[in-house]
Number of protein chains: 2
Amino acid sequence: MTKMGPARRRGLSTEVADEIREAIFDGRYAPGEALRETELSEALEVSRGPVREALQKLEREGLVHTEWHRGATVTALSLQDVAELDSLRGALEVLAVRRVVDQATDADLSLIEKTAAAMDRADTPHEMVRCDIAFHDAVYAAANHSRLQQAWEAIRSQVHLFLITRVGVSTDGYLEQIREEHRDLVAALRLGNVDGALKLFAEHRRHAFDVLTKG
Amino acid sequence: MTKMGPARRRGLSTEVADEIREAIFDGRYAPGEALRETELSEALEVSRGPVREALQKLEREGLVHTEWHRGATVTALSLQDVAELDSLRGALEVLAVRRVVDQATDADLSLIEKTAAAMDRADTPHEMVRCDIAFHDAVYAAANHSRLQQAWEAIRSQVHLFLITRVGVSTDGYLEQIREEHRDLVAALRLGNVDGALKLFAEHRRHAFDVLTKG
DNA sequence: GCATGTAGGAATGTTAACATTGAGACAAGT
DNA sequence: ACTTGTCTCAATGTTAACATTCCTACATGC
């Protein structure tokens, strides 16, 4: 255990980015909609400088798309986009799971377990999506690989967006099924069985992906 | 063949980023050195706005590291950093090679071949590094996967940096050896043998990595 | 009617001035 | 000698005004 963590300031652009990101996840900005700098700067009561930096940050998360002198629009994921997310996520998770099984500490695994347990207290699909993402965050954190984590963060928000759209076609037993899946994932990681864990993670992704292609 | 490509403007920040990137690769800024906004804006004769955006862009490439109110410094790669680059690159290349073998067009393969052939005209190690990077660029481009390409771009400059440092410990037959390796890689992709190609790419990475750990 | 040309306006790109922060130097106290 | 407090100043964070670009609507010509 470290006695203290870093106490760095965050800056306005970071907070602005957080605000906008939440607004998008809440549906206050729909996919394809324009994010005007002037509008945002007035609403958040900051100048356009930090807003521009925030939009750049969101662009590198793939949440918005910007073009020269045309401003930013909320990303609208096509079927091909979702397929790309699925395959890239697969490549990253293989590495992540391998490292977790190989070298994760008991404290790391406990943290992952905690995020899985938090799903029991989620009663809305939106809450569940947050927990799902938090779970994978914990897995990548346990992998102890800063660049891998960075690569995950570059698609994290897009996966979040995708999972939210999936909520629209979710069935009744959906919440409980997700909870069970994650319990299995944790168990596999605890056991240290690489192949088994990889298989379960692959199935987990497949379930998420299939719902969209079939629905 | 497309008759015309997009004709988009680039903006100052993009050009500033290019300038700084080249300066770093040329060694005009050493790893660990500070990149002052005021200094850059005066040297490039632009205001600090575009410089800030450029530095943000370079940060997402991992070429510089910035902290709150402390400015940007050129990334200094530790041994662990290089190990991270190696493993992440491996995960990405597996996906890339699979897709290239599966679905690359003949035109794509020709482009890859061209970059490998360009190595014959490279006589300095620095030139060779450029060609090496260009080769892998072509592979990722042929994979036809925008997010995979983006993930590669997030570590591309760091790999470039790493390969440049390797130049310092290169032996005599180094240039010709690299050329031969890439000829083999192209041949494997042409043949469409996934496992063979994957193995060769893994060896290629291993060669680069070993030189540093042993040297 | 369709294509082309041309203002008008709104949004982004860029700049320069102002505000805030942090690192180093130096002095005083213990 | 080592710590602690203060000061200074240079660099970054933020702001608001200015310049440029693009989209829209309307007019013009065929």
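Chain naming here is simple, since letters A, B, ... match the order of the sequence lines and numbering starts at 1 in each.
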N-O pairing of [X] and [Y] below 4.0 Å:
| X | Y | answer |
| --- | --- | --- |
| A/D120 | A/R183 | yes |
| A/E22 | A/R130 | yes |
| A/R89 | A/D86 | no |
| A/E127 | A/R179 | no |

For atom [atom1] of [X] and atom [atom2] of [N], their distance in whole Å:
| X | N | atom1 | atom2 | value |
| --- | --- | --- | --- | --- |
| B/R48 | C/dA19 | CZ | P | 14 Å |
| A/L40 | C/dA10 | CG | P | 18 Å |
| B/H69 | C/dT21 | NE2 | P | 6 Å |
| A/R36 | C/dG9 | CZ | P | 18 Å |
| B/E53 | C/dT12 | CD | P | 13 Å |

Which residue lies more 5' along DNA chain D, comparing A/G49 with A/W68 via nearest heavy atoms: A/G49
5'-most by nearest nucleotide on DNA chain D - A/P50 or B/E37: B/E37
Under-4.0 Å side-chain N/O to phosphate OP1/OP2 contact, B/R70 with C/dA23: yes
Contact interval (first through last nucleotide) of DNA chain D with protein chain B, 4.0 Å heavy-atom: D/dA11 to D/dT21
Sugar-phosphate only, base, or nothing, as touched by B/L55 at under 4.0 Å among non-hydrogen atoms: nothing
Residue B/E67 excluded, over 12 heavy atoms near CD under 6.0 Å: yes
Pair B/D132-B/H182, side-chain hydrogen bond (donor to acceptor under 3.5 Å, both in side chains): steps then yes or no: CA-CA 8 Å; B/D132 199 340; B/H182 284 82; 2.9 Å; yes
